[in-house]
Amino acid sequence: MSATIRITLPDGSVKEVPAGITTGEIAQQIGPRLAQAAVAAKVDGAIWDLNRPIQKDARVEILTETSGADALYVLRHSSAHVLATAVRQLFPEARIGFGPPIDDGFYYDFEVPRPFTPDDLERIEAAMRDVVKADQRFGREEVSRDDARRRFRDDPLKIERLEELGDEETISVYTNGPFFDLCRGPHVPSTGRIKHFKLLHAAGAYWRGDSRRQMLQRIYGTAWFKKDDLEQYLRRLEEAAKRDHRMLGKQLDLFSIQEDVGPGLILWHPRGAVIQFQLRRLIEDEVIKRGYDLVYTPNITREELFKRSGHLPLYEANQFPPMAAGAGEAEEVRYRAKPMNCPFHILIYASRQRSYRDLPIRLAEVANVYRNELSGTLHGLLRVRGLSMDDAHIFCREDQIEEEIFQMLDLTDFVLRQVFSFEYRLDLATRPEKKIGDDAQWEFAEKALKAALDRRGLTYGMDQGGGAFYGPKIDVKIRDAIGREWQGTTIQLDYQLPERFQLEYIGSDNKPHRPAMMHRAIYGTLERFVGLLIEQFAGAFPLWLAPEQVRVLSITDAQGPAAKAIHERLRAAGVRSHMDERNETLNYRIRDAELQKVPYMAVVGQREVDQGTVAVRTRGAGNKQEIISVDAFLERLKREIASRSLELGKTP
RNA sequence: GCUGACGUAGCUCAAUGGUAGAGCAGCUGAUUUGUAAUCAGCAGGCUAAGGGUUCGAGUCCCUUCGUCAGCUCCA
């Protein structure tokens, strides 16, 4: 006998249906068009296949191609299976790893005797199209552990995963055509639903993300419901490539990285240095207003200092090897380039006795540090070996911690959101495996960070195990042009260093106490931040940051002296003005200034000379020129620069 | 660091194992231009570095350095 169950639909209506009905059948009952468009269903909030039977009362929502992220997730997961089906067909010896959906696409990991070539990818993609054409039905089976062991006996990676599943977990196997996979699902009804996909690239990836385990070959792809969406996505990738800071850095002559100097070491050309300089000014001015003191400390130090701080040996892999002082009195003394500034700031703190009345003490320094990062991780300005950190260390009483963190979050918001309109995401990173200090200290520190975040009413993610070895931290992630996330701001609590350096202050009880300590960088590093800014603005910087703010162009040589006078007047007023008096046509010089993304061009012809005006052309505004007096132009420039407006011609 | 691809003029790219080219940029000259490329000429290279195979290597092989994608790591 078949029992009846009650299905609640999103509009609140209730359907009485026999138990064992599938969500696909429910869709069919509602309407054939819905059934046609259906991809999967949400049953009590969980995503299910359309052909999975429902046995008890539930809320059901049919997901269609237009249901957004959930539906795409299912499509891409199924695409990964189609990929694996094709790979297995062409490379029967391939063993399968994991194949999940990811943002914008999917991947699948394979253990194969040799890596995939670009040719292989083309063949695999063609084979995938055959699988799609065959319109294989995705079937779901629940199997016993023994059964699963038998079925995956040739796939050791799957067996490894299988053995980790708890006894209470359902073991499900999904099949399509000849392919079967240990998989939680869900999937689209059949492979024919996957029409618009493309394989993007192949690369090595460690099994389970562990660099001690074997390397598998990962194939990345993207998949969409509509042809337009796929094309738009591919176009978006191309557009993003045009914003790549490495390409723009070359075109706009901002910086270079040269083999003669070394990987990850930046040469800031004059035009790039301007941007860095403006950022330094901004943060230094702001920090002074907020009660910090600026300090300067050396780039190298006796190695003992980093032993005392605990960086050696824990951080040694990231440090450059020691250098000897050479012949003479200090022959045996070994020095190290600094990877961090904390020990120096600590020594400044400890250089005299401190009272509770002095706290908090906030020491700030935009400093160069050197970290020997793995060569394969270096990436333009976004990951370098010579870093300019806008670093600071705060020493305070325990009861001041929360307020200090609160203030740092405020400074972060000022810089990232108010000044730059960055969308940013916060993470609370907790204790890692490699750490110093006991669990009680970590517990306390993690709570303090949480309290400040909650007090500011911020939402944040948890990054379990992502903390620094000396304490938990709050990290800010900013996306680059192609959507990769990079850490910018970091706020870290540290209970270890004050202990190691025996830091003290004299409390109101006239007894010594240990201060709390925090590290923080708002930009993170100037290298990375400038890199992200280049991509954010696609090289077209707002006036206050632009390497060249105005380019003065004379129409013929006759206006040369007058143009030069205007240029010099602007420069004397602090405007970054350049003059283009090359023997080229006006059109040529305008084109050049546009390509260099100069915010304003000031064109000076005979009419302008006679009237004491300039013809102002705004970047990107075509030939909508504006004739104004030199005085008015200069006033406008000054106002816009001071306002740090992100848009040309607009002062907030 | 690992896996793979790649490295040719300042830049972007060509060159079935058989004399290294083009466009732009640069230099010289002509031209004096009113809002996205004026014309002509000239110069520019030990093909990343080092080794090997070959009558002959930019091209094939090895090593090193570097770049790119991803993994790991991280500001």
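In this text the structure is predicted, and so the values were computed from the model without any measurement. Chain A is the first sequence line, chain B the second, and so forth, proteins listed ahead of strands; every chain is numbered from 1.
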Point to revise | Nearest-angstrom distance, C1' atom, A57(B) to C46(B) | key: 13 Å
Practice item. Name the orientation class of the two ring planes belonging to His245(A) and His379(A) (parallel below 30°, tilted from 30 to 60°, perpendicular beyond 60°). Key: tilted
Exercise for review: Identify which one of Arg218(A), Arg95(A), Arg208(A), Gln217(A) satisfies the side-chain hydrogen bond (donor to acceptor under 3.5 Å, both in side chains) criterion when paired with Asp109(A).
Suggested key: Arg218(A)
**Study point:** Separation of G4(B) P from Leu121(A) CG (nearest whole Å)
**Key:** 15 Å
Point to revise | Pair Glu608(A), Thr613(A): side-chain N/O donor-acceptor within cut-off below 3.5 Å | key: no
Review point. For atom P, what is the distance between A14(B) and G23(B), given to the nearest Å?
Key: 16 Å
Review point. Can you tell me if Thr297(A) and Glu365(A) form a side-chain donor-acceptor pair at under 3.5 Å?
Key: yes
Review point. Hey, which of these two, Leu595(A) or Thr556(A), hits RNA chain B nearer its 5' end, going by closest nucleotide?
Key: Thr556(A)
Check your understanding: So, do Phe91(A) and Phe110(A) have ring centers that fall under 6.0 Å from each other?
Key -> no
**Study point:** Watson-Crick or G-U wobble partner of A5(B), both distances under 3.5 Å
**Key:** U67(B)
Check your understanding: Taking the same atom, C1', in A5(B) and in A9(B), what whole-Å distance lies between them?
Key -> 24 Å
Review point. Which base sits across from U54(B) as a Watson-Crick or G-U pair, both distances under 3.5 Å?
Key: none
Exercise for review: Test for a donor-acceptor pair under 3.5 Å between the base of G34(B) and the side chain of Gln559(A), counting only N and O atoms.
Suggested key: no
Review point. Tell me: CD1 of Ile590(A) to P of A37(B), nearest whole Å?
Key: 9 Å
Point to revise | Donor on one side chain, acceptor on other, His393(A) and Asn341(A), under 3.5 Å | key: no
Check your understanding: How close or far is atom C1' of G4(B) from atom CG of Asp119(A), stated in whole angstroms?
Key -> 14 Å
Revision key, fill the gap. note: Asp120(A), atom CG; A5(B), atom P; distance rounded to Å ~ 11 Å
Study note, to complete from the structure: The Watson-Crick or G-U wobble partner of C39(B), with both key distances under 3.5 Å, is G29(B)
Point to revise | Close aromatic pair by centroid cut-off 6.0 Å: Phe422(A) and Phe529(A) | key: yes
Exercise for review: Round to a whole Å and report the spacing from CD of Gln596(A) to C1' of C11(B).
Suggested key: 12 Å
Check your understanding: How far, in whole Å, is C2(B) from C61(B) if one measures between their C1' atoms?
Key -> 23 Å
Review point. Which value, in whole Å, describes the distance between the C1' atoms of nucleotides C6(B) and C74(B)?
Key: 26 Å
Revision key, fill the gap. Paired to C13(B) by Watson-Crick or G-U wobble criteria (both distances under 3.5 Å) is G21(B)
Check your understanding: Looking only at side-chain N and O atoms, does Lys250(A) come under 4.0 Å of OP1 or OP2 in G10(B)?
Key -> no
Practice item. Starting at atom CG of Asp109(A), determine the distance to atom C1' of G4(B), rounded to an integer number of angstrom. Key: 14 Å
Point to revise | Euclidean distance for C1', G26(B) against A49(B) (whole angstrom) | key: 27 Å
Point to revise | Nucleotide G26(B), atom C1' - distance to CG of Asp592(A) in whole Å | key: 13 Å
**Study point:** salt bridge (charged side-chain N to carboxylate O under 4.0 Å, His left out) involving Asp410(A) - partner list, sequence neighbours excluded
**Key:** Arg290(A), Arg456(A)
Review point. Between CD1 of Ile522(A) and CD1 of Ile491(A), what distance do you get to the nearest 0.5 Å?
Key: 5.5 Å
Show me the protein contacts with nucleotides 38-44 of chain B, counting only N or O atoms at under 3.5 Å.
unit_1	atom_1	unit_2	atom_2	d
U38(B)	OP1	Thr585(A)	OG1	3.4
U38(B)	OP2	Thr585(A)	OG1	2.9

Check your understanding: What string of B, S and - do you get for nucleotides 59-75 of chain B, 5' to 3', when a contact is any protein heavy atom under 4.0 Å?
Key -> ------BSSSSBBBBBB
**Study point:** Touch class at under 4.0 angstrom, heavy-atom based, for Gln214(A) against every strand present
**Key:** nothing
Point to revise | Euclidean distance for C1', G56(B) against C60(B) (whole angstrom) | key: 13 Å
Exercise for review: Could you work out the separation of C13(B) and G18(B) based on their P atoms and round it to a whole Å?
Suggested key: 24 Å
Review point. Do the side-chain N and O atoms of Gln549(A) and Ser577(A) include a donor-acceptor pair separated by under 3.5 angstrom?
Key: no
Check your understanding: Atom CG of Leu586(A) and atom P of A36(B): how far apart are they, to the nearest Å?
Key -> 8 Å
Exercise for review: Take the angle between the ring planes of Phe633(A) and Tyr600(A) and call it parallel below 30°, perpendicular above 60°, tilted in between.
Suggested key: perpendicular
